[in-house]
There are 2 protein chains.
Amino acid sequence: MARYKKKERQELLLEKVSTDPFLTDEKLSEVFEVSIQTIRLDRLELNIPELRERIKHVAREETEKIRSLSLQEVIGEIIDIELNDHALSLFIVEDGHVFQKNKITRGHYLFAQANSLCVAVIDEPLALTKSADIEFTRASKLGDKVISKAVVEKMDGHTAIITVTSRVEQKLVFKGRFEMYYTDETDEGEKNG
Amino acid sequence: MARYKKKERQELLLEKVSTDPFLTDEKLSEVFEVSIQTIRLDRLELNIPELRERIKHVAREETEKIRSLSLQEVIGEIIDIELNDHALSLFIVEDGHVFQKNKITRGHYLFAQANSLCVAVIDEPLALTKSADIEFTRASKLGDKVISKAVVEKMDGHTAIITVTSRVEQKLVFKGRFEMYYTDETDEGEKNG
DNA sequence: ACTGATGTTAGTACCAACTACTAAATGAGG
DNA sequence: CCTCATTTAGTAGTTGGTACTAACATCAGT
């Protein structure tokens, strides 16, 4: 076994550790067929924290993600809003949002952005989507910054009509017409949101 | 400080540890104003693993979640499929899918289930949603098992028409008519998915 | 007030997976 | 062959525990 040279080993080490943070120095020393001390020197030079810190980091990241997701309650970040009138949100297409083979955004994320924006723009305790007419006009891709605009066209009784357009660099990728049901009661059981 | 009684303390301990898994025995012993040994006895009785195991568990859970999410590529689990004809999927409404205040499912998850099912039922390398007409007929709630059925009505050239109905205990919660674009090329840039 | 059960605390030895440090062995290049 | 970089070995100390033994505290019932 012509073990790797220092530089090469360190590059591979970085990769190994980032793909599987659960590896002990001992396991790594077996993988690379060097002593534990060498692995430790490598980690020191590369500023790779020890196993426990790596695991803690992963765990922290994820509990934070969960928190921010449940806090967010919206896909995309709202950048401008006038209640019962209009709202804008930004959604950046990330790795989890696309088909792996062609990096095209899955339609339901664009729908989710639009749908969330409709819920947000209505200034009532309960707002649920009753129906929608939607169209995907062009493909958006990984890394795209999608700006979605919701405009409230009509509000009467308990129904609002909202049109949404989503664009990437001015080009329309999605448009829809949403019919929303709303009420000032905080719970209700006949429609969906 | 009239420290808690054993039973009470153990209940609070369970809660504490599950909301914040990052607490050491030492910190916990300070919180409850008992000795470290007492905390350790409590953990032993309640089968609460040690700090490191708890952290590891959180980290593992999350890396698995990420993997299964990217593997899944579908919201809901497909339970029956005949390509280019029909498909069924099951989606169980969990905590992250509902509005916190009233536990009603966010519409875009039901849309996502339907949309994913449409993508899955088409036996071509690329299938993207072109447009959809959807309706949310009743609210579904936390814990509901949503069965979605997609039926391919028509396929010609590069367009398929699929109708989807989603039910909870036979009762219709969602229906939609999806127009899908499909092709045997693996990449394409004019439509959305 | 005495006894026994239950609960709490103290203390020891040991473990994994390290850090930080010193020192020796090995290797490869000029 | 010498030298500098690299690798390995070994020791002491750390964190956050387990596992175990033993002592002490508290209260309940008789």
Side-chain angles (χ1 to χ4, degrees), chain A residues 1-70, chain B residues 1-70:
Chain A
M1 282 285 108
R3 294 134 74 215
Y4 302 104
K5 287 189 182 151
K6 188 176 178 180
K7 205 179 162 182
E8 202 180 351
R9 187 189 58 232
Q10 292 194 341
E11 279 166 22
L12 286 166
L13 184 70
L14 259 172
E15 204 194 300
K16 263 266 167 213
V17 168
S18 64
T19 57
D20 183 0
F22 299 93
L23 294 162
T24 60
D25 287 357
E26 200 179 357
K27 288 251 160 103
L28 287 165
S29 81
E30 286 164 21
V31 169
F32 289 106
E33 292 176 272
V34 291
S35 70
I36 284 197
Q37 332 295 17
T38 303
I39 295 293
R40 288 180 178 162
L41 276 175
D42 285 350
R43 281 202 297 98
L44 202 75
E45 284 177 32
L46 298 168
N47 281 318
I48 299 172
E50 64 166 286
L51 171 75
R52 287 155 181 168
E53 290 306 312
R54 296 196 302 266
I55 292 176
K56 208 187 285 177
H57 187 250
V58 173
R60 278 249 159 70
E61 228 175 29
E62 296 306 329
T63 52
E64 272 163 31
K65 242 183 220 165
I66 288 161
R67 255 171 230 161
S68 71
L69 234 157
S70 68
Chain B
M1 282 285 105
R3 295 133 75 218
Y4 302 104
K5 290 194 178 145
K6 188 176 177 179
K7 206 178 161 183
E8 201 180 352
R9 185 189 60 229
Q10 291 194 342
E11 279 167 22
L12 287 167
L13 183 70
L14 258 173
E15 203 194 301
K16 263 267 167 211
V17 168
S18 64
T19 57
D20 183 359
F22 299 93
L23 293 163
T24 61
D25 287 358
E26 200 180 358
K27 288 249 160 103
L28 288 165
S29 81
E30 286 165 20
V31 169
F32 290 105
E33 292 175 274
V34 292
S35 69
I36 283 197
Q37 332 296 21
T38 303
I39 295 293
R40 288 181 178 161
L41 277 174
D42 285 349
R43 280 201 299 99
L44 202 74
E45 285 177 29
L46 299 169
N47 281 319
I48 299 172
E50 65 168 283
L51 171 76
R52 287 155 182 164
E53 291 307 312
R54 296 194 305 263
I55 292 177
K56 209 188 283 177
H57 187 251
V58 173
R60 277 252 159 68
E61 227 175 30
E62 295 307 329
T63 51
E64 271 162 32
K65 241 181 219 166
I66 288 162
R67 256 173 231 160
S68 70
L69 234 158
S70 66

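Computed from a prediction, not measured in an experiment: that's the story for all the values here. Chain A is the first sequence line, chain B the second, and so forth, proteins listed ahead of strands; every chain is numbered from 1.
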If I take atom [atom1] in residue [X] and atom [atom2] in nucleotide [N], what distance separates them, rounded to the nearest angstrom?
X	N	atom1	atom2	value
E53(A)	dT14(D)	CD	P	17 Å
N47(B)	dT18(D)	CG	P	12 Å
L41(B)	dA22(D)	CG	P	16 Å
K6(B)	dA25(D)	NZ	C1'	14 Å
R9(B)	dG7(C)	CZ	P	9 Å
I39(B)	dA10(C)	CD1	P	13 Å
D42(A)	dT7(D)	CG	C1'	10 Å
H57(B)	dG17(D)	NE2	P	17 Å

### Query
What does I36(A) touch in the nucleic acid at a heavy-atom separation under 4.0 angstrom: a base, only the sugar-phosphate, or nothing?
nothing
## Note on the structure
Scoring nucleotides 17-27 of chain C by protein non-hydrogen atoms under 4.0 Å (B base, S sugar-phosphate only, - none) yields BBB--------
### Message
Can you see if the side chain of S35(B) gets near the phosphate of dT9(C) - specifically, an N or O under 4.0 Å from OP1 or OP2?
### Response
yes
### For E53(A), all residues meeting salt bridge (Lys or Arg N to Asp or Glu O under 4.0 Å), sequence neighbours excluded
K56(A)
Sequence neighbours left out, what passes side chain to side chain donor-acceptor pair (under 3.5 Å) with [X]? Give chain and number order.
X	result
R40(B)	D25(B)
R54(A)	none
R52(A)	none
K27(A)	none

### Message
How long is the straight-line distance from CD of Q10(B) back to CD1 of I39(B), given to the nearest 0.5 Å?
### Response
9.5 Å
